[in-house]
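The next block holds one structure in the form of structure tokens; read it before the comments.
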Amino acid sequence: MIGKLRAALGAHGVFVRGVVCFDGGEGPLLQDGTPARSVILFGNIGGSIWEPFSRWRQLPENAGCRDPLDDWSKQIIEPIAAAFSATAYFPSDPPWQPFQRWAMQAEGLRASPLGILIHPEYGLWHGYRGALGFAESIEERGAGAVSKHPCDHCAEKPCLTACPVGAVTSAGFDVAGCRSHLRMDSGRAGCMTGGCLARNACPVGTNYRYSPAQLAFHMAALHP
Ligand code: B12
Ligand code: SF4
Ligand code: SF4
């Protein structure tokens, strides 16, 4: 099944990111109200989704979408959910499913000071586009294999000094401080156009960094 999912989603730049198995009713609820025994996570690696998504977005029928990336993700993942008799979950749909907790279990990732999970190869340049829940356990060889945490080996930690308003600290991320800066002229000209300066400062996975157009898109989607 994993091979079929990889083939179906790969053309869209969406990758199978890992599998989580649950015991004792801990999984999210399936459509029939019973708890899932496993979840398969899907996401982008670097700018993998940007070209397929941008082509879709340029079609006249998609011009008026309010949340185009969420709509695109649903258009490609929901039919696959139906074909596999699975329940689809999406990161922006309330109630928020614990995508990051699942990714920590599935891929062995840990959080960076920014709040987003860091991958030893892709750095901060990856995200989650959806997940499928199943009534049965799915074994995936290699799941949870990543154990190295890049932040433990990063002596200078430039992400902690790059934010102009000090919103990224080792104690956590100051959402309100970040938001108020993004509303100012300096924030509009800086982070809103070129992306979060703290994220950009991270030396890990720079080959996977998003293009300027993708960075600006995500910032606008997050802080309309
Ligand atoms: C709410 C939310 C935010 C809020 C955070 C508010 C807060 N203080 O919690 C805001 C709007 C600030 C935010 C910002 C960003 N987010 Co956000 N966000 C979410 C969302 C929708 C829900 C998180 C949540 O509460 N989950 C519920 C709990 C139960 O799940 P959990 O996994 O157990 O909880 C984890 C999080 O709460 C996390 N956490 C705690 N505090 C913070 C703070 C921040 C900023 C983040 C990102 C996470 C985080 O720690 C928990 C780990 O166990 C998730 C999608 C999702 N469903 O997970 C995306 C998500 C976490 N965000 C993501 C991203 C990429 C971002 C941004 C970089 C977006 C951008 N600009 O491009 C920024 C990062 C900050 C910045 N410098 O701009 C990605 C992270 C991918 C990754 N590699 O880990 C996610 C998974 C969405 C996705 N489609 O992939 N985000
Ligand atoms: S700059 Fe260093 S501490 Fe900050 S996220 Fe990157 S690896 Fe982690
Ligand atoms: S987006 Fe800008 S203000 Fe917000 S945390 Fe990143 S660098 Fe700081």
Side-chain angles (χ1 to χ4, degrees), residues 14-15 17-18 20 26 28 39 41-47 49-50 53 67 69-70 72-74 77 89-107 109-131 146 148-184 186-206 208-210 214-224:
V14 176
F15 295 89
R17 297 293 306 272
V20 195
E26 286 169 1
V39 157
L41 278 176
F42 306 114
N44 62 291
I45 294 172
I49 56 170
W50 189 244
F53 166 64
D67 298 305
L69 188 53
D70 294 336
W72 175 79
S73 304
K74 287 178 183 175
I77 292 173
Y89 310 101
F90 296 95
S92 305
D93 278 0
W96 289 327
Q97 297 292 345
F99 270 81
Q100 290 188 297
R101 206 183 314 152
W102 290 344
M104 288 174 175
Q105 290 169 254
E107 298 181 278
L109 301 186
R110 284 164 57 192
S112 68
L114 287 92
I116 51 183
L117 304 180
I118 186 160
H119 187 281
E121 185 181 351
Y122 323 136
L124 302 171
W125 305 108
H126 65 107
Y128 299 91
R129 297 280 26 109
V146 173
K148 188 178 157 214
H149 183 38
C151 302
D152 286 345
H153 307 276
C154 177
E156 295 191 353
K157 302 201 184 329
C159 63
L160 295 178
T161 48
C163 172
V165 291
V168 179
T169 71
S170 51
F173 177 60
D174 173 12
V175 179
C178 169
R179 284 219 160 115
S180 61
H181 176 69
L182 296 179
R183 281 193 291 267
M184 292 163 65
S186 52
R188 299 224 147 259
C191 308
M192 286 302 287
T193 23
C196 170
L197 300 181
R199 195 181 193 185
N200 291 349
C202 177
V204 182
T206 49
Y208 293 90
R209 194 171 156 171
Y210 297 166
Q214 185 171 359
L215 285 172
F217 170 84
H218 287 304
M219 292 303 290
L222 186 68
H223 307 280

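As the structure is a prediction and not an experimental result, all values here were calculated from the model. Every number for a ligand or one of its atoms is a count from 1 in the order of the listing.
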Review point. Quick one: does His119 get within less than 4.0 Å of ligand 1, heavy atoms only?
Key: no
Point to revise | Numbered atoms of ligand 3 (with element) below 4.0 Å of Ala198, judged on heavy atoms | key: 7 (S)
**Study point:** Structural part of Cys191 in contact with ligand 3, heavy atom criterion under 4.0 angstrom
**Key:** side chain
**Study point:** Sub-4.0 Å protein heavy atom next to atom 40 (C) of ligand 1
**Key:** no
Check your understanding: Taking C-beta and beyond as the side chain, do Leu109 and His126 meet within less than 4.5 Å on heavy atoms?
Key -> yes
Practice item. Among all protein heavy atoms, pick the one closest to atom 5 (S) of ligand 3 and tell me residue, atom and distance. Key: Phe173 CE1, 3.4 Å
Check your understanding: Between atom 2 (Fe) of ligand 3 and His181, is there an N, O or S atom separated by less than 2.8 Å?
Key -> no
Check your understanding: Has Ser92 got any heavy atom lying under 4.0 angstrom from an atom of ligand 1?
Key -> no
Review point. Which residue, Val204, Ile118, Leu114, forms the side chain to side chain contact (heavy atoms under 4.5 Å, CB included) with Cys151?
Key: Ile118
Study note, to complete from the structure: Any protein N, O or S atom under 2.8 Å from atom 2 (Fe) of ligand 2? Found Cys154 SG
Revision key, fill the gap. Within 4.0 Å of some non-hydrogen atom of Pro164, the atoms of ligand 3 are 7 (S)
Review point. If you count the atoms of ligand 3 from 1 in the order shown, which ones are under 4.0 Å from a heavy atom of Cys163?
Key: 3 (S), 5 (S), 7 (S), 8 (Fe)
Exercise for review: Determine, counting only non-hydrogen atoms of the protein, whether one lies under 4.0 angstrom from atom 18 (N) of ligand 1.
Suggested key: no
Review point. Would a 4.0 Å cut-off, counted as strictly less than, catch a protein heavy atom around atom 59 (C) of ligand 1?
Key: no
Exercise for review: Provide the number and element of each atom of ligand 3 under 4.0 Å from a heavy atom of Cys178.
Suggested key: 1 (S), 3 (S), 4 (Fe), 5 (S)
Exercise for review: Measure from atom 3 (C) of ligand 1 to the protein's non-hydrogen atoms and state whether any distance is below 4.0 Å.
Suggested key: no
Review point. Quick check: does any side chain N or O of Asp70 sit under 3.5 Å from a backbone N or O of Ser92, one acting as donor and the other as acceptor?
Key: no
Check your understanding: Is there a nitrogen or oxygen of Tyr128 sitting under 3.5 Å from a nitrogen or oxygen of ligand 1?
Key -> yes
Check your understanding: Parallel, tilted or perpendicular: which describes the rings of Tyr122 and Tyr208, with under 30° parallel and over 60° perpendicular?
Key -> perpendicular
Exercise for review: Ignoring hydrogens and angles, tell me if any N or O in the side chain of Thr193 forms a donor-acceptor pair with the backbone of Arg188 under 3.5 Å.
Suggested key: yes
**Study point:** atom 56 (C) of ligand 1 within contact range, any protein heavy atom under 4.0 Å
**Key:** yes
Revision key, fill the gap. Checking heavy atoms under 4.0 Å, the part of Met219 that sits near ligand 3 is side chain
Review point. So, for atom 85 (C) of ligand 1, does the protein have a heavy atom nearer than 4.0 Å?
Key: no
Review point. At a 4.0 Å cut-off, with the gap strictly under it, does some heavy atom of Gly187 reach an atom of ligand 3?
Key: no
Review point. Looking at atom 22 (C) of ligand 1, is any protein heavy atom nearer than 4.0 Å to it?
Key: yes
Review point. Can you tell me which residue and heavy atom of the protein come closest to atom 7 (S) of ligand 3, and the distance to 0.1 Å?
Key: Leu197 N, 3.3 Å
Point to revise | Check: Arg17 side chain, Ala103 main-chain N or O, donor-acceptor pair, under 3.5 Å | key: no
Exercise for review: Return yes or no for this condition: an N or O of Arg199 is under 3.5 Å from an N or O of ligand 1.
Suggested key: yes
**Study point:** Heavy-atom protein neighbour under 4.0 angstrom from atom 90 (O) of ligand 1
**Key:** yes
